[in-house]
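Here it is: the structure, laid out below.
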Amino acid sequence: MIFTVAIDGPAAAGKGTISKAVAAHFGFAHLDTGLLYRAVGAKVLNGQDPLDAAETLTARDLEATNLRTPDVAQAASKVAVVKEVRAALVAFQRSFAARSGGAVLDGRDIGTVICPTAHAKLFVTASAQTRATRRHAELQASGISDSFEQVLADVKARDERDTNRAEAPMIAAADAVTLDTSGLSIDEAVAQAIAIIERSRSSAL
Ligand code: DC
C-alpha cells in the first residue's frame, strides 16, 4: 500500500511533532526533509560547496549533532534557495514517499513539488510570535541562550527567504488543508491532523 502524507509549513509551526505523531498513529514511515537541507547547510558551514554537499549527502550526515542549531537553520534556508541543490535532493524524497506501507514527509514544498499527488496534504502554520515562543523554549532547553527577539528575527528571516525564493517557494498547495496551531495544544493539533488524514484515507480506500 502506497499512501503519502505531505505536511508543509513554516519553521516551528509544529510540523515535526505532528508528522511524527501522525506517522506513529498510522504506522507510516516519516521523513523530516528539513534535515536534508540542514545537513547540506552544515557541510557548507564547514567549507564545502553547496551542490557538492547535496550530491554527496549520506545517511551519516543526517546524524550530525549540530543540525538543530540556529546557525545551521539559517544555512539550510540559504542553500535551499539554490535550484541545483534542491534538484539533487528530489529523487531521495520521492522514493521515500513511494515506499510501501505509507509515508509522511514534512517540509516546505512536499505538497507542491515533491509529491503533488500526495493522498493527504496539510499546511501547518502558526503566528510568528507563537512559533518564536516555542522555538525559544526549545533552544533554551537545549542550552542555547539566544534572546526571544533574536529567535523571532531568525524565524521571520527564514519565513521571508523560504516564501520569496524563485524555486519551490513555501506555499500551501491548492488542495492542502491548513491547520493553524496557534491556539492549540500538541494533543489537539495532532488529533486534528489525524482527522484530516483519516478523511483522505477513507476516500482513497
Ligand atoms: O523544516 P526545517 O526548519 O528543519 O528546515 C530548514 C530549512 O530547510 C528551511 O528554512 C528551508 C529548507 N527546507 C526547504 O527548503 N524545503 C524543504 N522541503 C524542507 C526544508
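Ligands are counted one by one from 1 in listed order, and the atoms in each one are counted from 1 as well. Just so you know, residue 1 is the first one in the sequence shown, and it goes up from there.
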Checklist line | Atoms of ligand 1 close to Ala76 [distance to a heavy atom under 4.0 angstrom, numbered from 1] | finding: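 Those atoms are 6 (C), 7 (C), 8 (O).
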Check: Which of these, Arg38, Gln74, Arg161, has its nearest heavy atom closest to atom 4 (O) of ligand 1?
Finding: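 Looking at heavy atoms only, Arg38 sits closest to atom 4 (O) of ligand 1.
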Notebook entry, point to check: Considering only the protein, which heavy-atom contact is closest to atom 3 (O) of ligand 1, and what is its distance?
Noted result: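 Ranking protein heavy atoms by distance from atom 3 (O) of ligand 1, first comes Arg158 NH1, 2.8 Å.
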Check: Of all the non-hydrogen atoms in the protein, which one sits nearest to atom 8 (O) of ligand 1, and at what distance?
Finding: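 Atom 8 (O) of ligand 1 sits closest to the protein heavy atom Tyr37 CB, 3.4 Å.
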Check: More than 12 foreign heavy atoms under 6.0 Å from CD1 of Ile144: is that the case here?
Finding: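 Atom CD1 in Ile144 is packed in, count exceeds 12.
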Check: What part of Arg108, side chain, backbone, both or neither, has a heavy atom within less than 4.0 angstrom of ligand 1?
Finding: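 Both of them.
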Check: Just distances here: any N/O of Arg86 and N/O of ligand 1 closer than 3.5 Å?
Finding: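 Yes; the residue has a nitrogen or oxygen that sits under 3.5 Å from a nitrogen or oxygen of the ligand.
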Margin query: Looking at Glu63 and Arg60, is any side-chain nitrogen of the basic one under 4.0 Å from a carboxylate oxygen of the acidic one?
Written below: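 Salt bridge flag = no for Glu63 with Arg60.
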Check: What part of Met170 sits under 4.0 Å from ligand 1 if we count only heavy atoms: the side chain, the backbone, both or neither?
Finding: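 Neither; no heavy atom under 4.0 Å.
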Notebook entry, point to check: Which residues pass the side chain to side chain donor-acceptor pair (under 3.5 Å) test with Arg131, sequence neighbours left out?
Noted result: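 Partners of Arg131 under the side chain to side chain donor-acceptor pair (under 3.5 Å) test: Asp159.
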Margin query: What I want to check is whether the side chains of Asp187 and Ser185 have a donor and an acceptor closer together than 3.5 Å.
Written below: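 There is no such pair (donor and acceptor under 3.5 Å, judged by atom type) between the side chains of Asp187 and Ser185.
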Notebook entry, point to check: Just checking, is any N or O donor in the side chain of Arg134 or Thr181 under 3.5 Å from an acceptor N or O on the other one?
Noted result: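 The answer is yes; a qualifying pair exists.
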Note to self: Whether the Asp61 and Thr58 side chains hold a donor-acceptor pair (N or O, under 3.5 Å, no angle test) is what I'd like checked.
What the structure shows: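 There is such a pair (donor and acceptor under 3.5 Å, judged by atom type) between the side chains of Asp61 and Thr58.
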Notebook entry, point to check: Which is it for Lys15 and ligand 1 at heavy atoms under 4.0 Å: side chain, backbone, both or neither?
Noted result: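 Answer for Lys15: side chain.
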Notebook entry, point to check: What do you reckon, does Asp109 have a nitrogen or oxygen under 3.5 Å from a nitrogen or oxygen of ligand 1?
Noted result: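 Right, the criterion is met.
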Next item on the list: Give yes if a backbone or side-chain nitrogen or oxygen of Arg165 is under 3.5 Å from a nitrogen or oxygen of ligand 1, and no if not.
Entry: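 In this structure, Arg165 places an N or O atom under 3.5 Å from an N or O of ligand 1.
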Notebook entry, point to check: Are there more than 12 heavy atoms of other residues, nucleotides or ligands under 6.0 Å from atom CG of Leu184?
Noted result: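 Yes, because the 6.0 Å sphere around CG of Leu184 holds more than 12 heavy atoms from other groups.
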Check: For atom 12 (C) of ligand 1, what's the nearest protein heavy atom and its distance?
Finding: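 Its nearest protein heavy-atom neighbour is Ala80 CB, 3.7 Å.
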Checklist line | 4.5 Å side-chain heavy-atom contact, Thr56 and Gln48 | finding: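 They are in contact (side-chain heavy atoms under 4.5 Å apart), so the answer is yes.
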